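Working notes for the structure below.
Computed from a predicted model, the values in this text were never measured in an experiment. This chain uses plain numbering: 1 for the first residue, then up along the sequence.
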Amino acid sequence: MGRKVAIIGAGYVGATVAYTLAVSGNASEVVLIDIKEDKAFGEAMDIRQGAPYIAPLQIYSGSYEDAKGADIVILTSGVARRPGQSRLDLAQINVNITKSIIPDITRVAPNAVYIIVSNPVDILTYVFCKYSGLPEKQIIGSGTILDTARLRSRLAENFSISMQNVHASVFGEHGDSAFVPWSLATISGTPVDTYAHAIGLDVDGSGFRHAEIEEYVRTSGSTIIAAKGATYYAVSLSVNHICGCIFRGIDTALPVSTMMNGEYGISDVCLSTLSVIGKGGVNGKIISPLTDDEIAKLQFSAGKLKEVIQSLVI
């Protein structure tokens, strides 16, 4: 089976996604598309020249027409976030860019699964759902899969345990109103607070504070941008993981942004809860047993996103 991926946008994120797909072996064919044709050409050529040392791969730059037959299309195009700028500050600019791309790419790849990575990702996922005419199951926003990776890595550091033993997710907006549903968080099947007590840590006391960990997750992107100008490695690994789940066809629960249709009392907005991702895209939603407080936080996050949507020209 072919595993063709088209990536729109060859900036830091797009190029790193291409490199990660190549090294992982998840894709057999990758086409990089960018308005800056020389940039896309150079990135593809640079990766292609290392291809003798990885799984067989075709990688090249091209136009929308070259995306024909793509199994997955990844959107990383748009204006990048600058130091001190929130994701939502980018909203109208990147909405306009995304709307200009949609007709050209969906015409040549109507059956692809679309992964939206550009920020603000929840808003752009919503725009793609509303504007493309494609079934919602084919549209996935990377959402809080990156926040979740940051959460799991921080919890693993906190407890000095393998990241693979940590099971926790971030829900809501990929942004300031995101939150951790701690009632779902476990270490090797043990509720995280129970685990903390078992190793002698006081929850929200010395050594393990929910608020500190959530603040770490929430500010990680800004910290990295202030330090090096952009974030691209962790998000690329996260997007590569989504692609792997789709190509392997083994349904996997992932915290990604999808259209809400009444789940938790939320409709007509895209945000992250656990969705079942596999062959063909979104194959279902997992309605996790959240506490009343967690449902309120999720609804608050949805409300913040709806405020932004109402302020935009879509």
Side-chain angles (χ1 to χ4, degrees), residues 1-11 13-51 54-78 97-118 124-125 127-129 131-142 236 238-252 254 256 258 277-283:
M1 164 180 153
R3 302 183 309 280
K4 180 174 180 178
V5 180
I7 302 172
I8 301 177
V13 173
T16 311
V17 168
Y19 175 78
T20 308
L21 284 167
V23 172
S24 70
N26 273 334
S28 59
E29 183 176 353
V30 175
V31 54
L32 274 168
I33 302 166
D34 198 293
I35 192 170
K36 297 178 181 177
E37 294 180 4
D38 287 349
K39 180 72 162 64
F41 171 81
E43 297 289 2
M45 183 177 181
D46 196 9
I47 297 169
R48 185 169 64 249
Q49 290 182 342
I54 59 176
L57 172 74
Q58 296 181 59
I59 181 165
Y60 52 94
S61 61
S63 65
Y64 289 118
E65 295 300 324
D66 294 296
K68 186 175 181 179
D71 301 288
I72 297 174
V73 176
I74 302 170
L75 271 71
T76 71
S77 50
I97 291 171
T98 300
K99 285 174 65 177
S100 71
I101 290 168
I102 288 172
D104 290 327
I105 189 62
T106 56
R107 175 178 56 81
V108 297
N111 299 316
V113 176
Y114 284 80
I115 303 175
I116 318 302
V117 184
S118 307
L124 298 183
T125 304
V127 169
F128 209 97
C129 285
Y131 200 75
S132 68
L134 296 180
E136 290 175 2
K137 73 164 293 175
Q138 290 177 231
I139 303 165
I140 302 167
S142 56
S236 298
S238 301
V239 172
N240 178 65
H241 182 60
I242 298 172
C243 292
C245 293
I246 293 168
F247 283 138
R248 286 190 293 272
I250 300 173
D251 284 348
T252 305
L254 298 178
V256 292
T258 57
I277 304 300
K279 184 177 181 181
V282 183
N283 292 329

**Prompt:** Which residues pass the salt bridge (Lys or Arg N to Asp or Glu O under 4.0 Å) test with Glu29, sequence neighbours left out?
**Reply:**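 With sequence neighbours excluded, Glu29 shows a salt bridge (Lys or Arg N to Asp or Glu O under 4.0 Å) to Lys4, given in chain and number order.
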
Could you state the interatomic distance from [atom1] ([X]) to [atom2] ([Y]), rounded to the nearest 0.5 Å?
X	Y	atom1	atom2	value
Cys245	Ile250	SG	CD1	8.5 Å
Ile7	Ser77	CD1	OG	11.5 Å
Ile35	Ile8	CD1	CD1	12.0 Å
Lys68	Ser63	NZ	OG	12.0 Å

Please check this pair: side chain of [X] against backbone of [Y], looking for a donor-acceptor N/O pair closer than 3.5 Å.
X	Y	value
Asn26	Cys243	no
Ser61	Ala44	no
Asp46	Glu43	no
Arg3	Gly25	yes

Going by heavy atoms in the side chains, are [X] and [Y] under 4.5 Å from each other?
X	Y	result
Val282	Glu136	no
Ile72	Ile242	no
Leu75	Phe128	yes

Output side-chain donor-acceptor pairs under 3.5 Å for residues 103-117, partner residues at least two apart or in another chain, one line each.
unit_1, atom_1, unit_2, atom_2, d
Thr106, OG1, Ile102, O, 2.7
Arg107, NH1, Glu65, OE2, 3.1
Arg107, NH2, Glu65, OE2, 2.8
Tyr114, OH, Ile105, O, 3.3
Tyr114, OH, Ala109, O, 2.7

Considering non-hydrogen atoms only, spot the tightest contact between [X] and [Y] and give its length.
X	Y	answer
Ala10	Leu32	CB-CD2, 4.2 Å
Asp66	Tyr60	O-OH, 3.9 Å
Val239	Ser142	CG2-CB, 4.4 Å
Ile47	Ala22	CG2-CB, 3.9 Å
Ala70	Val73	CB-CG2, 4.1 Å
Thr76	Gly9	OG1-O, 3.0 Å

**Message:** Looking at Tyr19, I'd like to know if its OH atom is crowded, meaning that more than 12 non-hydrogen atoms belonging to other residues, nucleotides or ligands lie closer than 6.0 Å.
**Reply:** no

**Request:** Give the intermediate values and the outcome of side chain to side chain contact (heavy atoms under 4.5 Å, CB included) for residues Thr258 and Ile139.
**Result:** CA-CA 7 Å; Thr258 57; Ile139 303 165; over 6 Å; no

**Item:** Residue among Ile74, Leu254, Ile246 satisfying side-chain contact (heavy atoms from CB on, under 4.5 Å) with Ile140
**Value:** Ile246

